[in-house]
Amino acid sequence: MSAAPELISPRSARVSAARRLAKRNFRGKDRLFLAEGPQAVREAAAHRAPADGTPTLVELFATVDAAERYADIVGEARAAGARVHLTDETVIADISTTVTPQGLVGICRFLDTPFEEILAARPKLVAVLAHVRDPGNAGTVLRCADAAGAEAVVLTDASVDLYNPKAVRASVGSLFHLPVAVGVPVEQAVAGLKDAGVRILAADGAGQDDLDDELDKGTMGGPTAWVFGNEAWGLPEETRALADAVVRVPIHGKAESLNLATAAAVCLYASARAQRAFGGCRTVTPS
């Protein structure tokens with residue numbers, strides 16, 4: 001590809017519009033967010049709104065070198081109807097929120113799902129992030145939920161913005177794989193999930209119930225929502241009181257505790273295994 005860059009000046013109107021999406025208030029106003037790097041852009045180009053098939057990727061900024069290196073991704077972006085801008089490293093650095101940009105920055109439509117739609121789908125495994133403020137942790141938990149086969153993630157109204165660039169990067173594309181509801185009060189989230197037949201487990205290091213004991217008792221094979229709390233202070237008492245059980249991950253060694261994302265991975269995979277065991281809610285019964 002020998003094309004010269006089309007957008008040189010960081011003062012370009014399109015570049016300015018992209019740059020402002022690094023700020024939450026502009027993301028909310030425009031209902032657009034940034035997806036950086038080849039993995040995120042590839043996932044965005046493939047994603048469509050479930051309701052009407054609207055492409056998620058709106059625009060793509062790419063350096064000439066990146067457009068050559070990731071020609072397949074650029075082609076997918078164009079096929080999805082995205083406007084592709086060839087530019088230079090200066091412009092990409094101006095838009096990007098990373099220290100070492102990879103040459104591709106996409107602008108995407110918001111893709112959060114109404115909480116009512118998540119409930120209507122009768123999910124079997126859900127991660128609820130209550131008062132989670134760190135975007136990296138939020139994105140990593142979303143990635144864990146995706147890997148464990150969860151059907152949905154819920155971010156409560158006191159949690160970090162789903163479209164924070166750090167959260168988007170930490171999800172490593174999983175943001176585009178499963179429904180995510182945002183801004184749901186924790187009381188509403190718990191009540192709605194309970195009404196949908198989902199058991200609520202609060203993950204807390206001081207929990208009365210031990211995860212190993214729950215697995216041994218065979219109580220984790222049904223539809224389950226795990227509620228994960230703030231990185232520093234965990235779940236407040238009023239949130240723990242909403243759960244059917246407060247469960248701790250056992251510490252068999254000398255570690256003081258587990259960080260949020262690690263604990264979430266352990267809990268979600270424990271549920272995923274129990275649900276796929278004989279008698280679990282995902283067991284396939286021969287006809």
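Because the structure is predicted, anything quoted here is derived from the model rather than measured.
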Hey, is CD on Q208 packed in by over 12 heavy atoms from elsewhere, all under 6.0 Å? no
According to the ring pair (Phe, Tyr, Trp, His ring centres under 6.0 Å) rule, which pairs have a member within residues 233-272, sequence neighbours left out? none
Can you check whether V168's main-chain N or O pairs, donor with acceptor, with S171's side chain at less than 3.5 Å? yes
Quick check: does any side chain N or O of T63 sit under 3.5 Å from a backbone N or O of E89, one acting as donor and the other as acceptor? no
Taking every non-hydrogen atom, the tightest pair across P223 and Q275: CA-NE2, 4.1 Å
Please list all pairs meeting salt bridge (Lys or Arg N to Asp or Glu O under 4.0 Å) that have one or both residues in residues 202-225, counting only residues at least two apart or in different chains. R199-E214, D204-R240, D210-R248, E214-K217
Determine which pairs satisfy salt bridge (Lys or Arg N to Asp or Glu O under 4.0 Å) with at least one residue from residues 133-151, sequence neighbours left out, and list them in order. E151-R282
Are any of the side-chain heavy atoms of H131 and P236 separated by less than 4.5 Å? yes
Candidates L34, D161, L32 - the one meeting side chain to side chain contact (heavy atoms under 4.5 Å, CB included) with R27: D161
Any residue meeting side chain to side chain contact (heavy atoms under 4.5 Å, CB included) with R42, in chain and number order, not counting sequence neighbours: D72, I73, E76
With sequence neighbours left out, write down each residue that passes side chain to side chain contact (heavy atoms under 4.5 Å, CB included) with T54, or none if nothing qualifies. A49, D52, R109
Looking at [atom1] of [X] and [atom2] of [Y], how far apart are the two atoms once the value is rounded to the nearest 0.5 Å?
X: L104; Y: Q39; atom1: CG; atom2: CD; answer: 11.5 Å
X: T97; Y: R19; atom1: OG1; atom2: CZ; answer: 13.5 Å
X: N259; Y: N137; atom1: CG; atom2: CG; answer: 6.5 Å
X: I95; Y: R20; atom1: CD1; atom2: CZ; answer: 13.5 Å

F110: which residues meet the ring pair (Phe, Tyr, Trp, His ring centres under 6.0 Å) condition with it, sequence neighbours left out? Y163
